[in-house]
4 protein chains.
Amino acid sequence: MSNATEEVAQDQLRSFVERIERLEEEKKTISDDIKDVYAEAKGTGFDIKVLRKVISLRKQDANERQEQEAILDLYLQALGMMN
Amino acid sequence: MSNATEEVAQDQLRSFVERIERLEEEKKTISDDIKDVYAEAKGTGFDIKVLRKVISLRKQDANERQEQEAILDLYLQALGMMN
Amino acid sequence: MSNATEEVAQDQLRSFVERIERLEEEKKTISDDIKDVYAEAKGTGFDIKVLRKVISLRKQDANERQEQEAILDLYLQALGMMN
Amino acid sequence: MSNATEEVAQDQLRSFVERIERLEEEKKTISDDIKDVYAEAKGTGFDIKVLRKVISLRKQDANERQEQEAILDLYLQALGMMN
DNA sequence: TAGGGCTACTTCCATC
DNA sequence: GATGGAAGTAGCCCTA
């Protein structure tokens, strides 16, 4: 490989690394923002764990959720933990 | 709880949920962007797995510097050499 | 500190480190065993996620469980996600 | 599903749950033992925080050796020097 | 489907 | 004794 070609490859690599690291920083910022919102909600008296559950339920497809609950009921019944 | 109070709580909850969901969307966008950059790098001939490793090593180096300082502080404290 | 005293301290430290590392190995073995059981259950057709949920529910105090569910219901109602 | 089949499933589920719960008890015992050792070390005059750090550094060193080999393999592969 | 990285939960320690 | 913060652990998801 010629020096010129090597240099091009190096510059490209450098560029990719920088772009990725930049994006990962942004991602971290957002993650921190989310954490802040949860903290704020907690300060207002909401239960973080339950709030997380709400978010996750809304993300889940409604059908899938019902199915999960149905399976859970089934297992609990099998264990005699439900009336 | 009065109806008015309940309504306030509902509005707050709704607001928190919306803010979180908005931020998670943004986060997903960034994640997708990162994926795109890796794909582009692959198209240019770079090995994604190695590229990931490079990124992770650079992150580790940064962390490790902080870590080293933390250890030093810890030992100095343990030896009663810090206030 | 005399050499003898230092040596005692070193031996003690060494001993503590060894005892802890030994215990942590045992702990890891158990963790792996647990993972194996889940894998086996999966192979028999059980849904791991639900199985985990069952285990965790059984661990929770019954009262606490009801309370958590009550809070969740409350939130879901507030968001109009129930009936 | 026939009653007999259901019963088999129930027995299996029960068995899995019991095995997991048993193992988690053992795991908790070990965790408590570890806590005891730290407490004992503290009683002998050692700084728990520093002790934890020592343990974690020793673990890291071990991991890092493996990591270094993994990186080497990765690079060799990327350069087409491994099959 | 297995492995690794990321995220989240829990636990522990220190402070008030 | 409680609360907040940090660290270690475990679960989930995504990629290969």
Side-chain angles (χ1 to χ4, degrees), chain A residues 20 23-24 27-28 30-35 37-39 42-43 47-53 55-56 59-60 64 68, chain B residues 20 23-24 27-28 30-32 34-39 41-42 47-57 59-60 63 66-67 70-71 73-74 77-78, chain C residues 20-21 23-24 27-39 42-43 47-56 59-60 64 68, chain D residues 20 23-24 27-28 30-32 34-39 41-42 46-60 63 66-67 70-71 73-74 77-78:
Chain A
I20 290 167
L23 287 167
E24 294 206 328
K27 195 173 143 194
K28 178 159 194 339
I30 311 264
S31 292
D32 291 345
D33 288 349
I34 293 175
K35 235 173 279 176
V37 177
Y38 276 112
K42 182 181 181 178
D47 182 312
I48 289 191
K49 207 169 162 187
V50 176
L51 188 48
R52 278 187 200 283
K53 188 71 186 165
I55 299 283
S56 115
K59 212 187 287 179
Q60 269 188 14
E64 188 182 340
Q68 285 285 76
Chain B
I20 291 167
L23 286 166
E24 295 207 327
K27 197 172 136 190
K28 178 154 195 345
I30 311 265
S31 293
D32 290 345
I34 293 174
K35 232 173 286 177
D36 289 345
V37 177
Y38 276 112
K42 182 177 182 179
D47 181 312
I48 290 193
K49 214 169 162 188
V50 173
L51 187 48
R52 277 188 200 283
K53 184 54 85 184
V54 169
I55 298 281
S56 118
L57 286 176
K59 205 190 289 179
Q60 272 185 33
N63 292 340
Q66 295 183 334
E67 170 81 346
I71 294 171
D73 286 353
L74 201 58
Q77 273 180 347
Chain C
I20 290 167
E21 287 181 345
L23 287 167
E24 295 206 328
K27 197 172 141 193
K28 177 155 194 344
T29 303
I30 311 266
S31 292
D32 290 345
D33 287 349
I34 293 175
K35 234 173 281 179
D36 288 346
V37 177
Y38 276 112
K42 182 179 181 177
D47 181 313
I48 290 193
K49 209 169 162 186
V50 176
L51 187 48
R52 280 186 199 283
K53 188 71 186 165
V54 170
I55 299 283
S56 116
K59 209 188 289 179
Q60 272 188 13
E64 189 182 340
Q68 286 285 76
Chain D
I20 290 167
L23 287 167
E24 295 208 327
K27 197 172 136 193
K28 178 156 194 346
I30 311 265
S31 293
D32 291 345
I34 293 174
K35 228 176 291 175
D36 289 346
V37 178
Y38 276 113
K42 183 179 182 175
F46 290 103
D47 181 312
I48 290 191
K49 211 169 162 187
V50 173
L51 188 49
R52 275 188 200 284
K53 184 55 85 182
V54 170
I55 299 282
S56 117
L57 286 176
R58 284 168 60 95
K59 205 188 290 177
Q60 272 185 32
N63 292 340
Q66 294 184 333
E67 170 81 347
I71 293 172
D73 286 354
L74 201 58
Q77 273 181 345

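Please read all numbers here as calculations on a predicted model, not as lab measurements. In what follows, chains carry the letters A, B, and so on, assigned in the order in which the sequence lines appear, proteins first and then strands, with residues in each chain numbered from 1.
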Report summary line: Students should find that the nucleotides of DNA chain F closing off the region near chain D, any atom under 4.0 angstrom from a heavy atom, are F/dT9 to F/dA10
Query raised in the report: Quick one: on DNA chain E, does D/Asp47 or C/Lys42 contact a more 5' nucleotide (nearest heavy atom)?
Result: C/Lys42
Report task. Taking all non-hydrogen atoms of both residues into account, name the closest pair between C/Tyr38 and C/Ile55 and its distance. Result -> OH-CG1, 3.6 Å
Query raised in the report: In chain order, what residues pass the salt bridge (charged side-chain N to carboxylate O under 4.0 Å, His left out) check against A/Lys35, with sequence neighbours excluded?
Result: A/Asp32
Requested in this report: Applying side chain to side chain donor-acceptor pair (under 3.5 Å), name anything that partners C/Gln60, two or more places apart in sequence or on another chain.
Outcome: none
Can you name the atoms? Protein N/O to nucleotides 3-10 of chain E N/O, anything below 3.5 Å, with the distance.
unit_1	atom_1	unit_2	atom_2	d
E/dC9	OP2	A/Arg52	NE	2.6
E/dT10	OP1	A/Lys49	NZ	3.2

Query - Results of side-chain contact (heavy atoms from CB on, under 4.5 Å) for C/Asp33 - residues two or more places apart only - result: C/Thr29, C/Asp36, D/Leu23
Requested in this report: Apply salt bridge (charged side-chain N to carboxylate O under 4.0 Å, His left out) to B/Lys53 and list each qualifying residue two or more places apart in sequence or on a separate chain.
Outcome: D/Glu67
Report summary line: D/Ala70 meets the side-chain contact (heavy atoms from CB on, under 4.5 Å) criterion, sequence neighbours left out, with none
Report task. Taking side chain to side chain donor-acceptor pair (under 3.5 Å) as the test, write out the residues that go with A/Arg52, two or more places apart. Result -> none
Report task. For D/Lys59, check salt bridge (charged side-chain N to carboxylate O under 4.0 Å, His left out) against everything at least two apart and list the hits. Result -> C/Glu24
